[in-house]
Structures are given as structure tokens and as C-alpha cells.
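Structure record follows, encoded as C-alpha cells.
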Amino acid sequence: MIGTLSHYSGRSALALGVFYLLLATPIARDWLEASMSRHMLVQMPLLVVIGIIAARLVPGRMQDSLLIRLGGAWPCVIAALFASSYWMLPRALDAALTDPWAEAAKFLSLPFLVGFPLVLAWRRLTLIGRGFVWTNFFSMLAVLGWLYIVAPVRVCNSYLVNDQENAGWYMVIASVLLFFWWLGTLLVGGGVGPDKPDQSGSGRTFA
Amino acid sequence: MATYTYTPVPDQGAKAGVLAYLVISCVVLLLMMLFGLLMRMEQAQMISIGALWFYKIMTLHGAGMVGIVALAGAAIMWHFLRQYVDLSTGIFMANLILFLTGVVMILASVLLGDFHAAWTFLFPLPTTSMGMWSPGAAALFMGGLLVIGVGFVLLHLDIARAIISRYGGLGRGLGWPQLFGPDDGNAPPPAVVASTMVTIVNLIGLVVGASILVMMLINVYVPTFEIDALLAKGMIYFFGHVFINAVIYMAVIAVYEILPRYTQRPWKSNKVFLASWTASTIMVMFIFPHHLLMDYAYPKWFLIMGHIIGYLNTFPILIVTGYGAMMIVYRSGIRWDMCSRLLFVSLFGWAVGAMPAFIDGTITVNYVMHNTLWVPGHFHTYLLLGMVAMVFGFMYYLGKPNENAPDSALDVAAFWGFVIGTMGFTMSFLYSGKISAARRYAEHLPEWVPYDKIASYFAMLLIASVLVFIFRFLTRLGLASRDYQRASLARSMAT
Ligand code: HEM
């Protein structure tokens, strides 16, 4: 599989591309963006996942050379952190709804500045780096959700207060569940990293 | 059934990083003890520093002590764990640097910014100072705690990484295959089991702690983001209780590792041992509600859970460790030196210190006893005579000049001074609790003052003894990094 795109990954890439375009159709966008919870917790994560899968379809050697050209693992992680933080701002959500350029930026930045570089970096991160990204993510998600729940004002012009509260609760619940899932992977074997000789490094699990 | 025999392993000296941790621990411990003495003397009306300074010192003493015993515990854990798994020195030092940065922030917040809302930073006190301190001072204090927390997260992630790459998962680090399957005798050694437990619970505690700290930091500047005070209290106590509990589980590694070297009997990671550590991994996260039993607004089931799990968690590790130590020592002809004495007495201190908490964890007792000096009586006993005794035992071990080096009369006197001083000091706390002296009062009623005075004298004895311990360790720093046999073999072995 290393070196060239196999038949299998060619088909997967095609399916992924179709899915990406589907997400971008007005119907899908209207439905997913009609509620804050779906916008933040379904559409945006799906865009990140597209970036993640896309990166994993790239042959290992090409990933390595890309990573070197991008300056190594940490610049990739930092880019992903900043890009994802930006899309946590309520303003950014509003903009995506009203400004087509912002919407386009969202569709491009979440896969290519968050999902893609994270995967590139992931192979090089030990459990410390990964754990740092994860624990940071869990507490950010929980705090953001909490802020949405207790916010004294409507933070997005485009969504109602109860929608904002729901989104907040989903974020808190998601962060708790994800945290326990991650701990679970550490308890039973998980946490593959470059220092684990029995793994290729591309990762059996994502923890 | 697995059989266990003791395989002698050489006594390793401490790395420079471990020594740096320990030296800093000595300095801060001593300073914080002096602060504690000042508080007690203020309550005893022997000095007069005023309420503002009392609470500033109380905040520093609480945060400083919790932080420094965590640092000392981490040094012990790292020293021994490193002998089984491959730990990163860089991360170990990064933790120290982050710790010191956090300490400077906390010191500045309290000394320059007058912050004095206690180390528990209970919501909404830090944000509602009524002009006593600025929002900036509160933010600096909480920011300092956050920085210290980040350091510990890194340290625990490194430990998790190392244990996973050596054993293949934290579950294996806890010895689950041997616990739930046949015991093939290949369970990880106690040092690894304990470190795994501490890593799991601290990671959870620190993530929860970071979340509430960030939320409160936002609330400092934008108070309209209101926080549910009950939820905040729950999260703070979860974090604080897990963190301070974990400290003794780190330090007890010294007992597991060093006592067997004296008697050449192995400390077994048998099924009972593994079961108790796994049980405590879970239970230690559910016992904090015993601090909340007075908050009637919590759901009843939550408080009852705190009561029951509080009862249950008092025992497994304590009994397994106490019993294990007895088995190691019983009729072994062990030679008592400063190290073995301190380690042995630490188990006594831990056991005795757990009892008042057990009693206070009973809901009906709690209504009367909580928030009295009974509670400081409990945790000072198990932390001073338990945890801190383990740290000094470890220091004596590192600095012991040779296998048969005798202890000077001064050291032995200091040992007894420490034991008697601590017992007297903590018993006065407990007795003050019994007569309903409230905790965290700068000024005491005349009826309480005699006990405060007695406590102050015992505290002076204890601090004088600690001075001897610290002096001895600092003069032996050169020896502490060398590899040689330190433990004196038990008489039965040596002859
Ligand atoms: C010579 C040794 C020590 C002395 C004289 C001392 C004295 C005191 C005093 C007088 C208080 C305030 C009690 C009150 O009125 O509420 C206190 C609180 C406290 N001490 Fe100590 N202490 C000593 C050692 C330690 C150690 C070794 C630790 C931890 C490892 C520790 C942790 C604490 C904590 C967490 C508090 C609670 C602060 C608060 O209520 O916010 N102390 N100590």
C-alpha cells in the first residue's frame, strides 16, 4: 500500500470527495446549519473528519515528506489548534451563515487546517503530545459548552437561546464521554505512538 | 498460585532532578511549617499579626503545602518508577519549572495582591472580594494553580506513555490480567501499580480542575457568566480531594520499595494487593462528597454515596499496605535506622490519620464536626505523620553514608521529637474540634486558647525536629546521587 494509491484507497477517496460535495449542497447545509447543535456538533466535526480521512488516504511516505515540508509535528498541531479555536467563536458561526466567503473558509479550513495537519502530526506525537491535545480538547469543549449554557445573552444572532443551551449541554456531555473513551483506550492497550515498536505508527486506534 | 522470592536489586542514587525536587521541597516545607506555626500562635494569642495576614498566610500555607507534598511525592514516584520504565527527564524538569512559575504567580497574588480566599478558591469568594483584593489578584492565583496543574498533566502523561509502552496499557499497569485471570506472578511491581493508579485519578482530577479554573477565570472578568455555586464546589472538591489523596499514594512507593530491602522479603503484587489498588482507583474519585455532606441542596443519593464510599475507601490500600509492612517486618530482625523508622511510623500515621476522617464521614457526626478543627486534625495527622514522614524517610535513605552507618543521638532524638510533636500538635487540633472550635478562624474564643497554646509548643518541637532532618539531608546531598548498598540487612540475613 505504501508508495502509490491502491485501488481500494482510490475508491475511498472518491467516496470521500462525493461526501464532501454532498455536505456542501444547499439542502445539506440548510438542514445542518438550521440548528446550532447540528452546525457545531455535526457539520463541523464531519468536515474535520473528512480532513482526517483524506490525510489517512495519503500514502505514508508522502505524509512524511509533507510533514517535513510543513515544519514538523508541532506547527501542524498549533495550526489545527488555532483554526479550530476560531470556529468555536459564536461570531464565526454567524459569519458562516451570512457571508458566503466565511462559509467557504469554513469548508476549507476545517478539513485542511484542522483534520489534515492533525493526522500528519499524530504519527509523530508520543502519548504526551497526543494526551496534551486530547486533555486540552476535552477541557476546552466542556468549558465552551458550559459557557454556552450559562451565557447571559444570546451569543449568536442566528440562533435562539434554547438552541444555544442545547448545544452547550451536548458539548459538555460529548466531552465527558470522549474523555472516558480516551481513558478507556489507555486502560486497554491503546495509545499507540512512535515509541511503540509493535505498531507501524500510522495507528490502529486514534487515541 | 505464584510464588514470590526476593531478588536483591542495587540501591540506586537519585538523579539530579530528583534531588532538585527534594531540596526545593525541604525549603518550602520548612517555610510553610513556620507559616503554620504563625497561624497557630495567632490563634493562641501569643502573637498578633491580624486577620488579614492570618488569611493570607492560611492561603499560602494551604496552597503551598498541597503543592509541595505533591512535588515531593512526585520525586519519590519518579525515582523508583524510573527503575522499571523509561521516563523522560525533560518532562520531569518541565514540571518543576512550571511548578516554580505557578508558585511565583501565587506568591505575587497573595503577598502583593492581598488575595486570601484560601487554597480551595471556593466560588464565588475569589470573585467577590468586596474590595479586599483585585480581580487581577484572584486571576493570578487561579492562573498559578492552572500552570502547576499543566505541569502535573505533562508528568502524568509521560508516566502513562512509559507504562503503556512497557506493559501495553494502563490496565496491565494495574495488573488486571493477574487480578482477573490466573496469577502468574508477573504482575507489575507495586511501584508501577501505584503510579498507574495515581496517573489515572490525577489526569481525571486535573482535567476537571482545569475546567472549573478556566470557568472561574472567565467569571472574574465577565461576572454575568454565572456559575452554579454547587456545581463549582463539587468540581473543586473533586479536583482538590483527588489531588491531595494521590500524594500519599505516590509517597507510599517509598515504603514498598525500601522496606523490603531491609528484610530481603519481597513486597508482593498479589491478587489482594492488586484488587485493593484497582478498587481505590475507582473509589478515590467518589469519596469527595464527604466534604459536601452539609450541603443539603445536593441530591440525597449523592451524599449517601459519599458516606458509603468514604467508609469503604478508608480501608483497602491502608490495610493491604499496613498488613504488608507487618509481614515484611515481623520477626525479620530488621535493623531500625532513621529511614526504616520513619517509613514504618508513616504507616502508623496514615492509619491513625484516616480514622478521624472515617468518623467525620458519617453524616450525623458530620453535621456537628465538619468545619471544626477536627478536619485539620485529620489531614495534618495523615499528611505529617504519614506522607511527610515517608518523604523524610526517603531522604534519610538517599543520604545514608553506608549500610551499617549508625544514627547519631541527635537524629534519633529528632525522630522522637517529630513523632511526639506531631501527635501533640494534631491531637490538639482534634481536641479543639471536639470542643467545637471552628476551623479557619483567625481569632479564637478564650475557652479554645489553652489548646492553641499547647498545639503551638508541640508544633515548635515538630519544626525543630524537621530542621534536623533537613539539615542532615542537605549535608549528605553528595552521597544521595551515588549507587551503593544503603539498607542495613536484617540481623537474620547479615549474620
Ligand atoms: C509544622 C507543621 C504545620 C503546622 C504548624 C500547621 C498549621 C496549620 C494551621 C494553624 C492551619 C489553620 C487551621 C485552621 O484554623 O483552620 C493549617 C491549615 C492547613 N494546613 Fe497545616 N500545618 C502544618 C503542616 C501542614 C502540612 C505538612 C500540610 C500538608 C501537607 C498542611 C496542610 C494544610 C492545609 C491544606 C490547611 C487548610 C488551609 C485552609 O483551611 O484553607 N499543613 N495548618
Side-chain angles (χ1 to χ4, degrees), chain A residues 85 88 90 125-155 164-165 168-169 171-172 174-199 201 204-205 207, chain B residues 85-88 90-91 94 146 149-150 152-174 176-177 196 199-204 206-219 222-228 231-232 235 239 278 281 285:
Chain A
S85 306
M88 288 189 172
L125 293 183
T126 63
L127 196 127
I128 307 172
R130 293 174 181 197
F132 191 77
V133 173
W134 274 125
T135 44
N136 188 37
F137 174 68
F138 302 137
S139 36
M140 290 258 285
L141 192 65
V143 168
L144 188 75
W146 194 352
L147 281 176
Y148 275 21
I149 296 168
V150 298
V153 290
R154 211 169 60 157
V155 291
Q164 172 178 316
E165 260 179 42
W169 275 113
M171 279 188 242
V172 171
S175 101
V176 172
L177 292 180
L178 280 171
F179 185 44
F180 281 106
W181 162 77
W182 175 71
L183 270 182
T185 63
L186 294 189
L187 276 172
V188 286
V192 273
D195 54 344
K196 270 199 98 180
D198 52 335
Q199 296 290 334
R204 172 170 50 80
T205 79
Chain B
V85 301
D86 184 20
L87 293 171
S88 146
I91 295 279
L146 206 55
V150 169
F152 273 94
V153 166
L154 286 179
L155 183 73
H156 286 303
L157 284 174
D158 184 48
I159 291 172
R161 176 199 56 75
I163 291 177
I164 288 172
S165 54
R166 167 84 168 74
Y167 293 96
L170 292 182
R172 288 175 179 273
L174 283 174
W176 283 357
T196 309
T199 293
I200 296 172
V201 300
N202 258 358
L203 277 177
I204 299 177
L206 287 165
V207 166
V208 171
S211 304
I212 181 66
L213 276 168
V214 170
M215 200 60 193
M216 282 176 67
L217 276 171
I218 292 172
N219 179 270
V222 196
T224 44
F225 277 92
E226 278 177 28
I227 300 178
D228 180 326
L231 176 62
M235 289 176 75
F239 150 69
T278 291
T281 306
M285 290 188 277

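All values reported here derive from a predicted model rather than from experimental measurement. Letters go in sequence order (proteins before strands), and every chain restarts at 1.
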Fill in: Atom group of B:V207 that falls short of 4.5 Å from chain A, counting heavy atoms
both
Discussion item. Would the distance check show the side chain of B:D158 and the main-chain N or O of B:I91 forming a donor-acceptor pair, the cut-off being under 3.5 Å?
Written reply: no
Fill in: Heavy-atom side-chain proximity of B:T281 to B:T196 below 4.5 angstrom
no
Worksheet, complete the sentence: Of the listed B:I204, B:V214, B:I218, the one with the largest count of heavy-atom pairs under 4.5 Å with chain A is B:I204
Practice prompt. Working to the nearest 0.5 Å, report the span between CZ of A:F137 and CG of A:L144.
Written response: 10.0 Å
Practice prompt. Look at A:L183, A:T135, A:V150, A:I149 and state which one has the largest set of heavy-atom pairs under 4.5 Å with chain B.
Written response: A:V150
Discussion item. Under 4.5 Å from any heavy atom of chain A, what part of B:I159 do you find: side chain, backbone, both or neither?
Written reply: neither
Discussion item. Between B:V208 and chain A, with a heavy-atom cut-off of 4.5 Å, which part of the residue counts as in contact: side chain, backbone, both or neither?
Written reply: neither
Item to complete: Among B:E226, B:H156, B:R172, single out the residue with the greatest number of heavy-atom pairs under 4.5 Å to chain A.
Response: B:E226
Item to complete: Keeping the roles fixed (side chain from B:R161, backbone from B:D86), state whether a donor-acceptor pair exists under 3.5 Å.
Response: yes
Worksheet entry | Closest-packed option against chain B by number of heavy-atom pairs under 4.5 Å, given A:F138, A:F180, A:F132 | A:F132
Worksheet item: Between A:Q164 (side chain) and A:V153 (backbone), is there a donor-acceptor pair under 3.5 Å?
Response: yes
Discussion item. Could you measure the distance from the CG atom of B:N202 to the CG atom of B:L155? Nearest 0.5 Å is fine.
Written reply: 9.5 Å
Worksheet item: For B:I163, is it the side chain, the backbone, both, or neither that has a heavy atom closer than 4.5 Å to a heavy atom of chain A?
Response: neither
